[in-house]
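Before any comments, here is the structure.
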Protein chains: 2
Amino acid sequence: MRADAQRNRDRIVEVARLVFREQGYDASLDLIAKQAGVGPGTLYRHFPTRDDLIDAVMQAWVDHVQETADKALAHEGAPRDLLLHWFEEYVRLISVHKGGPAKITGAMGDESSPIRSKCEVLQAASGRVLDELRAEGAVRDDVTPLQVARLVGGVATVADSSDLELATVRPMLEVIADGLLT
Amino acid sequence: MRADAQRNRDRIVEVARLVFREQGYDASLDLIAKQAGVGPGTLYRHFPTRDDLIDAVMQAWVDHVQETADKALAHEGAPRDLLLHWFEEYVRLISVHKGGPAKITGAMGDESSPIRSKCEVLQAASGRVLDELRAEGAVRDDVTPLQVARLVGGVATVADSSDLELATVRPMLEVIADGLLT
DNA sequence: TGCTAAACGGAGACAGTCTCCGTATTGTCG
DNA sequence: CGACAATACGGAGACTGTCTCCGTTTAGCA
């Protein structure tokens, strides 16, 4: 890629990150282009679809997911606590941007979504936690990690769109955790 | 209301029902107006917001909810079966239109949403089923009906946006049911 | 029949998406 | 260094959807 193209691409992603955080994932792309000091054409050439741009913005977020999963795994205590703790972190992780939960959970399992690659990291992290517990025989094994991700993602989606407090969300996560534990 | 106004209103609702079913709740309102043979102004006077129109469309749906809840309650069998059966019906009920689950679950508990009145019927129906089971001491009582509605609504939202089969959804509902049962 | 309040409808302002293509910049090769 | 592809830019503008304003029409009543 030509140097100027790279520069512009970086600037667009940087601006998009800020705008998305402020206005949610449905912010105007033309506005992002303008704020980045480029024409709409340039933005659309680099990122043909909105999802492509979101995908780029999420790159940084991926590292954060990895780290959080590591911490959750290091968490000492009863399986229920570990599970609940991870669920809470999971909800927090996918809720950093307004509309994030729906976006991410919807993309999960959708082969054609460019966001999916990012979801895989999340799913992998989730899988690690689940495997850990499964090895101890603490959770039922007739439910796939993907289904668990969707269950928790569903709660996060509702919480996001209804602006629910963590205190309201926790009992719902408890239900899922209890339903999962053997 | 003047007779011609009533006629137009009815026509708009009727057309909207068909269009929403086909294209989902984000179909073009101007198109609905055109199909109903009225100007956009007329549509927007009757229904200032999209939600107001959706609300009107849902009126018929409410009766259906009532009826389904009655049937579920008449369902003989173990509490787990009753619960699971109701959950499946619940998902089906709120999924009749594309985008319905997100719309309905998001409106739940939002005082200002015009759709909420319709959700109340759903919540009431859900409450009846839950109360029935609670009376038998079959389900935990530290979770509110609203939270249950959100849990199941979350699953439906994900299922809707990911086009999941009922077979994929059922295990997720089982998790919730098992987490709820004492 | 004539009047008035109510209702209509469509032109058009506005905002967002996305593309096309003339112009400008980059990097390479003689 | 200079010229020439190749690459990238950007913005005008087509298109779609939302929503409003206001001149025109109509229903219903006296």
Side-chain angles (χ1 to χ4, degrees), chain A residues 1-57 97-100 102-103 106-107 112-115 161, chain B residues 1-57 97-100 102-103 106-107 112-115 161:
Chain A
M1 180 168 348
R2 242 167 62 175
D4 57 340
Q6 184 68 57
R7 249 193 329 269
N8 276 325
R9 192 182 188 287
D10 291 349
R11 274 258 291 301
I12 291 170
V13 171
E14 195 175 334
V15 168
R17 173 149 41 226
L18 298 176
V19 174
F20 281 152
R21 193 182 300 269
E22 255 177 47
Q23 308 188 16
Y25 284 126
D26 52 356
S28 160
L29 298 187
D30 277 25
L31 179 121
I32 290 175
K34 185 178 291 185
Q35 293 221 1
V38 304
T42 301
L43 186 149
Y44 282 96
R45 196 166 348 89
H46 284 298
F47 309 101
T49 72
R50 178 180 294 271
D51 277 357
D52 289 318
L53 179 54
I54 294 175
D55 179 63
V57 166
H97 295 123
K98 185 88 185 155
K103 200 99 215 163
S112 66
S113 169
I115 296 178
S161 73
Chain B
M1 180 167 348
R2 239 167 64 175
D4 57 340
Q6 184 68 56
R7 249 194 328 270
N8 276 325
R9 193 181 187 286
D10 291 348
R11 274 258 289 301
I12 292 170
V13 172
E14 195 175 333
V15 168
R17 172 149 43 225
L18 298 176
V19 174
F20 282 152
R21 192 183 300 269
E22 255 176 48
Q23 309 188 15
Y25 284 125
D26 53 356
S28 159
L29 298 187
D30 276 26
L31 178 118
I32 290 175
K34 186 179 288 186
Q35 293 222 0
V38 302
T42 301
L43 187 150
Y44 282 96
R45 197 165 347 90
H46 284 299
F47 309 102
T49 74
R50 178 179 294 272
D51 277 357
D52 289 319
L53 179 55
I54 295 175
D55 179 62
V57 167
H97 295 123
K98 185 90 183 152
K103 201 99 215 164
S112 66
S113 169
I115 297 179
S161 73

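Computation of the quantities below employed the complete heavy-atom set of this structure, encompassing side-chain atoms and omitting hydrogens, waters and symmetry-equivalent molecules. Being a predicted model, the structure only gives us computed values, none of them experimental. Residue numbers begin at 1 in each chain, while the letters A, B, ... track the order of the sequences.
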Steps toward side-chain contact (heavy atoms from CB on, under 4.5 Å) verdict (B:Leu53, B:Tyr44): CA-CA 9 Å; B:Leu53 179 55; B:Tyr44 282 96; over 6 Å; no

Derivation and outcome, side-chain contact (heavy atoms from CB on, under 4.5 Å), residues B:His46 and B:Asp52: CA-CA 9 Å; B:His46 284 299; B:Asp52 289 319; over 6 Å; no

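- How far NZ of A:Lys103 is from NE2 of A:His97: 12.5 Å, rounded to the nearest 0.5 Å.
- The closest side-chain heavy-atom distance from A:Asp51 to A:Ile54 is below 4.5 Å.
- Taken to the nearest 0.5 Å, the CD1 atom of B:Ile12 stands 8.5 Å off from the CZ atom of B:Arg45.
- Distance CD1 (A:Ile12) to P (D:dA8): 13 Å, rounded to an integer number of Å.
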side-chain contact (heavy atoms from CB on, under 4.5 Å) between B:Leu31 and B:Gln23, worked out: CA-CA 11 Å; B:Leu31 178 118; B:Gln23 309 188 15; 4.2 Å; yes

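- Within a 6.0 Å radius of CD in A:Glu14, no more than 12 heavy atoms belonging to other residues, nucleotides or ligands are found.
- Here D:dT20 presents its P atom at 12 Å from CG of B:Asp30, a figure rounded to the nearest Å.
- For the pair A:Ser28 and C:dT17, the criterion of a side-chain N or O lying under 4.0 Å from OP1 or OP2 is met.
- C:dA7 atom C1' lies 15 Å from atom CZ of B:Arg11, rounded to whole Å.
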Step-by-step side-chain contact (heavy atoms from CB on, under 4.5 Å) determination, A:Phe20 to A:Ile32: CA-CA 9 Å; A:Phe20 281 152; A:Ile32 290 175; 4.0 Å; yes

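- Proximity of B:Asn8 to the phosphate of C:dA7: no side-chain N or O atom is located under 4.0 Å from OP1 or OP2.
- Using a 4.0 Å cutoff on non-hydrogen atoms, the parts of residues 31-56 of chain B near DNA chain D are B:Pro40, B:Gly41, B:Tyr44, B:Arg50, ordered by number.
- At a threshold of 4.0 Å, the pair B:Lys98-B:Asp26 does not count as salt-bridged, since none of the basic side-chain nitrogens sits closer than that to a carboxylate oxygen.
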Under 4.0 Å protein heavy-atom contact, by nucleotide of nucleotides 23-30 of chain C - B base, S sugar-phosphate only: --BSS---

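- The side-chain heavy atoms of A:Asp55 and A:Phe47, taken from C-beta on, include no pair separated by under 4.5 Å.
- Helix bend of the helix from C:dT1-D:dA30 to C:dG30-D:dC1: the angle between its two end axes, each built from five pairs, comes to 20° after rounding to 10°.
- For B:Gln23 and D:dG17, the CD to C1' distance is 12 Å, given to the nearest whole Å.
- Here the straight-line distance linking atom CZ of A:Arg2 with atom CG of A:Asn8 works out to 10.0 Å at 0.5 Å rounding.
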